Structure formats: C-alpha cells, structure tokens
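Remarks on the structure that follows.
As the structure is a computational prediction, the values presented were derived from the model and not from experiment. Chain identifiers are assigned alphabetically (A, B, ...) following the order of the sequence lines, protein sequences preceding nucleic acid strands; residue numbering begins at 1 within each chain. What's counted below: heavy atoms across the whole structure, side chains too, no hydrogens, waters or symmetry copies.
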2 protein chains.
Amino acid sequence: MLRVSKITDHGIVILSNLASEPDGSTQSAREIAAEARLPLPVVSKTLKRLARAGILESHRGAKGGYALARSPAEITLADAITALEGPIGLMECSVHLGQCSHESTCTIRGPWQRVNDEIRASLERITISELLPTPGGDGELIPLRVASGDRRR
Amino acid sequence: MLRVSKITDHGIVILSNLASEPDGSTQSAREIAAEARLPLPVVSKTLKRLARAGILESHRGAKGGYALARSPAEITLADAITALEGPIGLMECSVHLGQCSHESTCTIRGPWQRVNDEIRASLERITISELLPTPGGDGELIPLRVASGDRRR
DNA sequence: TATTTACAGTACCGTACGGGTCCGATATCC
DNA sequence: GGATATCGGACCCGTACGGTACTGTAAATA
C-alpha cells in the first residue's frame, strides 16, 4: 500500500516534538519517549538512526541527549525518510542499478523514474517546521498509528 | 524505503506484456508467466488479484485465460497498486480513520495528507499504455527486480 | 457425458523487518 | 578519580509478507 515504515512515523513525531522545544535544547531519549508516548527502546532506535544520518546531534554522558542538528525548516520529510528507511525508491532499480539483468531492454524504468522523482519532490517540499502546532497552542504530537491492532485492508 | 511490494512490480510487468498483445486477446497464466520469466505460482497469484479488482477479465476452462478488462490507456499505475496492495496511503491514518486515539490534536495529518494526495496524483497520471515498448520494437518486459540477492542499503 | 484444460480459494512455509534486550563506551558531577 | 547517567552497537525474538502447493470448480471439446 505504498506505506512508510512504522519507524518513520515514529521519527516524524519525534522530530516534530523536538522542533517545538526551544532552539538547541537537548532532551534525553527517556524524556523524548515520554513525550511521544512510545516505548523507550523504539524511540531509542529511531533516535540513533536520525543521529547517524546527521539530522540529530547526540551528546553522551550525564546531561546528554539529542537535539536537532539544524533548523526545523531545513529538515524535510525526504530527509527523515531517507535517514530512517534508506534511499527513496519505489522499485529496486530506482536505487540500485545493475540488479536487473534486463535493464537495457526495460521500457518501464523510465516512467517509473518519473513517478519516483515526483514523489521525492513532494517529500522534499515539506519540512518539519510545517508539522508544528500553532505557536502557543498546546497540541501535543502523538504517533499517527496505534501500536497494536494494525489490521490492514 | 517507500517501496512498492514485489507483487506490484510483477503485476506492472504482466499488465505491460498483456497490453502489448492484440486487443482483447486472452493468454493463460502459463503463457504469461513464460513471457515475464517469472514462476507460475507468483504470476498466478498476481493475476488473481488483478482479476478480482476488475482490471483483468478471467475465463475459466479450456482455452481460458486472462485479458485486459479495458484499454491500457485507462489503467493507471494507481489502479494497479491499489488492486495489488490495497489503498494508497503513506500512513495508517491516511487510509483508516479512527485508528489513532489522538487524531483530534494531531498536527501532522494535514501535511501528510497533502503529500499523499500528490503521490496518488502522480500514480494516476501514468497509464499502462505509457509503459509499452515502441510499436514494432521487440523489447520484452522483464521484472525490474531480481528474484534473489535482494540486499538493501 | 467423460475428459481435459485452466482459473479460484485455502492452507502452508521460509525469510526479513519491527520491536526489544544487553553490554560497552563516554561524558558529567562529586 | 570514582560513580552515575546516557548514548552506541550487537544480538535475539515474534510477526507478517512473499512465495508455494494442493484441492475445488467451471468451461470447452469430442
């Protein structure tokens, strides 16, 4: 169903929460998990990936934690998705060339690439700052999907 | 990585192959599998889903098989994806409302919905007829992903 | 009407990813 | 410098999906 993975929406929620904190403030994984109302291990894993990708800055030791590495307006949904689930590509050949033995005669790849580019553009157009509640509002951000009962269709 | 499922790219390849046949011609699952160079069981399952969704017409018994239910120009990528993997929705709440207990205070859903709509529009814009090889050309369509060695990252 | 062909549905199995735990590394504070 | 807090990485487990096999049903032909 062309869905982003769960870790991605967790990540988006976390980024939004961090973005609503005062500039440059650092929060521990525990605090972030509490705010997002998600299990600590899940949040922890998500934070690690975001830090590895350079979207978050991590500080170890006591009083350590995570903070946004740059302004929310400079973090796009595409950045977050790429960090959390790898390069955006609808099909294998959109990302890794040479996997398909018939690329030379394949007539599908071109049109797919077009779709892929449009999707990436859509995701690059939206930044974390656009996900924030209205300044002064107290709307807290909660994961979009429930943890269980993930029935489909 | 925001990827369509394997069954979807199989399906797209199959639809393209069928579309390059003379209008209304019927092919058996076995023939279709041979042309796409895919295992028969996989092709069979894919064909069943496409038929259930009304994209293909099926005919049972001897001389039976599958044929496009309408012109290739009237079958979009969105149709195929929806038939094969369910409604297009990047997140659970894009498809099923009421799954998330905090929808009322969620500020993320709006922007996500926008992205979702743009992606759907991209997928609705491209039809199977645009995937065909140039008329008279002999480029045969082969699945875009290899069956094995599906390594990632 | 018997036989053959081919689709329809159900059930099964293996793998890969999401989710979780544990231990090591590192920075702060006393 | 020792104790504590926190991140980083490796490993483990359960579930869900892709892939497969089997049985049932319908149509064509002789």
Side-chain angles (χ1 to χ4, degrees), chain A residues 1-11 14 18 26-34 36-67 69 84-86 91-92 143 145-153, chain B residues 1-11 14 18 26-34 36-67 69 84-86 91-92 143 145-153:
Chain A
M1 2 202 149
L2 200 70
R3 193 159 294 177
V4 299
S5 67
K6 271 193 178 179
I7 203 171
T8 295
D9 62 34
H10 296 156
I14 288 169
L18 275 172
T26 295
Q27 281 188 305
S28 71
R30 186 176 304 275
E31 293 169 318
I32 294 171
R37 299 184 198 171
L38 286 170
L40 177 57
V42 176
V43 170
S44 183
K45 179 177 266 190
T46 308
L47 290 167
K48 287 174 196 173
R49 289 202 196 173
L50 290 171
R52 270 182 81 90
I55 293 177
L56 296 182
E57 276 174 0
S58 67
H59 300 282
R60 311 223 277 194
K63 303 278 269 177
Y66 294 92
L84 292 167
E85 35 184 300
M91 316 191 77
E92 187 67 27
R145 300 206 216 145
V146 292
S148 62
D150 196 10
R151 56 170 167 72
R152 349 205 105 189
R153 301 245 154 76
Chain B
M1 356 195 157
L2 200 72
R3 192 157 296 177
V4 298
S5 67
K6 271 194 181 180
I7 203 171
T8 296
D9 62 35
H10 296 157
I14 288 168
L18 275 172
T26 295
Q27 281 188 305
S28 71
R30 185 177 305 274
E31 292 169 317
I32 294 171
R37 299 185 198 170
L38 286 170
L40 177 57
V42 175
V43 171
S44 183
K45 180 180 258 189
T46 309
L47 290 167
K48 285 174 193 174
R49 289 202 195 172
L50 290 172
R52 271 182 82 91
I55 294 177
L56 296 182
E57 277 175 358
S58 68
H59 299 281
R60 310 227 277 195
K63 303 278 269 177
Y66 293 92
L84 291 167
E85 35 185 298
M91 315 193 77
E92 187 69 26
R145 298 208 221 140
V146 292
S148 63
D150 196 12
R151 57 172 167 68
R152 353 204 104 191
R153 304 249 149 74

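Straight-line distance from the NZ atom of B:Lys48 to the P atom of D:dT20: 13 Å, rounded to whole Å. Taking atom CG on B:Leu40 and atom P on D:dT20, their separation rounds to 10 Å, with Å as the unit. When rounded to the nearest whole Å, the span between CZ of B:Arg49 and P of D:dG18 equals 6 Å. A:His10 places its NE2 atom 10 Å from the C1' atom of C:dG19, with the value rounded to the nearest Å. Distance A:Arg30 CZ to C:dG20 C1': 15 Å, rounded to the nearest Å. Rounded to whole Å, atom C1' of D:dC7 lies 15 Å from atom CD of A:Gln27. Protein atom CD of A:Glu57 is 16 Å distant from nucleotide atom C1' of C:dA27, rounded to whole Å. Atom CG in B:Leu47 sits roughly 12 Å away from atom C1' in C:dA6 (whole-Å rounding).
Considering only the side chain of A:Ala51, D:dG8 comes nearest among C:dA6, D:dG8, C:dG19. Each of C:dT21, D:dT20, C:dG18 was ranked by its minimum atom distance to the side chain of B:Pro39; first place goes to D:dT20. Closest to the A:Lys6 side chain, of the nucleotides C:dG18, C:dG20, D:dG8, is C:dG18.
As judged by a 4.0 angstrom heavy-atom cut-off over every strand, A:Ala29 is placed among residues touching the sugar-phosphate backbone only.
Close to C:dG18, at under 4.0 Å from its OP1 or OP2, lies a side-chain N or O of A:Ser5. At C:dA8, one or more side-chain N or O atoms of B:Ser58 fall inside 4.0 Å of OP1 or OP2 (strictly under the cut-off). Contact annotation: A:Lys45 side-chain N/O to C:dG19 OP1/OP2 distance is not under 4.0 Å. Not one side-chain nitrogen or oxygen of A:Arg52 sits closer than 4.0 Å to the OP1 or OP2 atom of D:dC7.
The two residues B:Ser58 and B:Ala51 make their nearest non-hydrogen contact at CB-CB, 4.4 Å. A pairwise comparison of heavy atoms in B:Val43 and B:Ala29 identifies CG1-O, 4.0 Å as the closest pair. Across B:Ser5 and B:Glu85, no two heavy atoms sit closer than the pair N-OE2, 3.1 Å. When all heavy atoms of A:Gln27 and A:Glu31 are compared, the closest pair comes out as CA-OE1, 3.3 Å.
Distance check: A:Lys6 NZ to A:Leu38 CG gives 10.0 Å after rounding to the nearest 0.5 Å. For the atom pair NE2 of B:His10 and CG of B:Leu84, the computed distance is 10.5 Å after rounding to the nearest 0.5 Å. In this structure, OH in A:Tyr66 is found 10.5 Å from CG in A:Leu18, a value given to the nearest 0.5 Å. With rounding to the nearest 0.5 angstrom, the CG atom of A:Leu50 is 7.0 Å from the CD1 atom of A:Ile14.
Between A:Thr8 and A:Thr46, the closest side-chain pair of non-hydrogen atoms is not below 4.5 Å.
Between the axis at the start and the axis at the end of the helix from C:dT1-D:dA30 to C:dC30-D:dG1 there is an angle of 10°, using five pairs per end and rounding to 10 degrees.
Among residues two or more places apart in sequence or in another chain, the side-chain contact (heavy atoms from CB on, under 4.5 Å) test is passed with B:Arg30 by B:Ser28, B:Leu40.
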List, with names and distances, any nitrogen or oxygen atoms from the protein found under 3.5 Å away from nitrogen or oxygen atoms belonging to nucleotides 26-30 of chain D.
residue: D:dA26; atom: O4'; partner: B:Arg60; partner atom: NE; Å: 3.3
residue: D:dA26; atom: O4'; partner: B:Arg60; partner atom: NH2; Å: 2.8

